[in-house]
Amino acid sequence: MIGVFDSGFGGLTVHRALIEALPERDFVYLGDNRNAPYGARPPIDVLNLTCAALERLFAEGCTLAIVACNTASVVALRWIQQQWLPARRHDDGVARNAIGIVIPTIEAVTGIGWQEGGSAVQETKRSSTIAVFATRRTVQTGCYPIEIRKRRPDITVVQQACPELAGSIERGVPRREIRELVEQYVGELLNRIDTTPDSVILGCTHYPLVADLFAAALPRGVRIIHQPEATARALKLYLDRHPEYDAGNAGRRIFLSTGFSHEALPLIEKFWGDKLPFLDA
Ligand code: DGL
């Protein structure tokens, strides 16, 4: 069973791509709606909430969990992978792991994947400026620029926090207002740089829903990296390399929420395209 975790329902954009890529695998989704949004929370909260969510997914029988939230991935995942999971492993001897959505996105934008080299780098030599749009917390961590420069020090990375965007999408504010917000954030970024970005990372689970508005606001020809698809590709490769994680093969689907309310049904439909049977976590 593969666990997929997000602060709320936004991670359904990632979850859908994972299921489409691996339809025979068993998946359980967990949205921490009671504590969402994570984007403005202190890092220690994000860390504790992410650990609690992973515990819940492991209790459900997952051995591998995807942290499908950018904020949780950039704030908590490194410590979880390096400290928390290894310590936990000693308790019962079972290998469990958590992987995020930032590194797959960076691999997609730089063309440099796990243990890859030469030819992929050549292919993306064109990409010399990458723009990252994300929540305030994700931008503050600097995780995207740091990880991109580890692979491609020649690349310039510019970031733009979009503090109002995820919340506005969730609240279902009119599309005209969302367009104005996107134009405002894109405008702020373009005003700070004297070149046009080659590629853009939409580094928040909610932004795929407004990718068309970003494409319209950005100069023509800018490549937008699709985080859900990049994560799905990375997960497939990861499972090939790590058969020790039992991902199941019965096509099971479970949807859990820490704070489900029927008022959220339109929002779920927005992220998923259909109604979903959420259970209390
Ligand atoms: N899921 C979060 C992310 O990708 C966005 C919503 C939130 O702030 O919790 O950063």
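Quick caveat: nothing in here was measured; it's all calculated off a predicted structure. Values below: all heavy atoms of this structure, side chains included; hydrogens, waters and symmetry mates excluded. Both counts, for ligands and for their atoms, begin at 1 and track the order of listing. Here, residue 1 is the first one in the sequence, and each next residue gets the next number.
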Checking Thr63 against Asp246: is there a side-chain donor and acceptor pair closer than 3.5 Å? no

Whether the side chain of Tyr29 engages the backbone of Leu12 through a donor-acceptor N/O pair (distance < 3.5 Å, no angle test) should be reported. yes

As a quick check of understanding, evaluate salt bridge (Lys or Arg N to Asp or Glu O under 4.0 Å) for Glu20 and Arg16, giving each step before the final call. CA-CA 6 Å; Glu20 278 170 11; Arg16 175 178 276 289; 3.5 Å; yes

Under the 3.5 angstrom rule, does the side chain of Thr13 hit a backbone N or O of Thr205 as a donor-acceptor pair? yes

Any protein N/O atoms within less than 3.5 Å of an N/O atom in ligand 1? List the atom names and distances, or say none.
{"unit_1": "ligand 1", "atom_1": "1 (N)", "unit_2": "Asp6", "atom_2": "OD1", "d": "2.8"}
{"unit_1": "ligand 1", "atom_1": "1 (N)", "unit_2": "Ser7", "atom_2": "OG", "d": "3.2"}
{"unit_1": "ligand 1", "atom_1": "1 (N)", "unit_2": "Thr205", "atom_2": "OG1", "d": "2.8"}
{"unit_1": "ligand 1", "atom_1": "4 (O)", "unit_2": "Asn70", "atom_2": "N", "d": "3.0"}
{"unit_1": "ligand 1", "atom_1": "4 (O)", "unit_2": "Asn70", "atom_2": "ND2", "d": "3.4"}
{"unit_1": "ligand 1", "atom_1": "4 (O)", "unit_2": "Thr205", "atom_2": "N", "d": "3.0"}
{"unit_1": "ligand 1", "atom_1": "4 (O)", "unit_2": "Thr205", "atom_2": "OG1", "d": "3.3"}
{"unit_1": "ligand 1", "atom_1": "8 (O)", "unit_2": "Tyr38", "atom_2": "N", "d": "3.4"}
{"unit_1": "ligand 1", "atom_1": "8 (O)", "unit_2": "Gly39", "atom_2": "N", "d": "2.8"}
{"unit_1": "ligand 1", "atom_1": "9 (O)", "unit_2": "Ser7", "atom_2": "OG", "d": "2.6"}
{"unit_1": "ligand 1", "atom_1": "9 (O)", "unit_2": "Tyr38", "atom_2": "N", "d": "2.7"}
{"unit_1": "ligand 1", "atom_1": "10 (O)", "unit_2": "Thr71", "atom_2": "N", "d": "3.2"}
{"unit_1": "ligand 1", "atom_1": "10 (O)", "unit_2": "Thr71", "atom_2": "OG1", "d": "2.7"}

Are Phe133 and Tyr185 an aromatic pair, judged by ring center distance below 6.0 Å? no

Are more than 12 heavy atoms from other residues, nucleotides or ligands located less than 6.0 Å from atom CZ of Arg253? yes

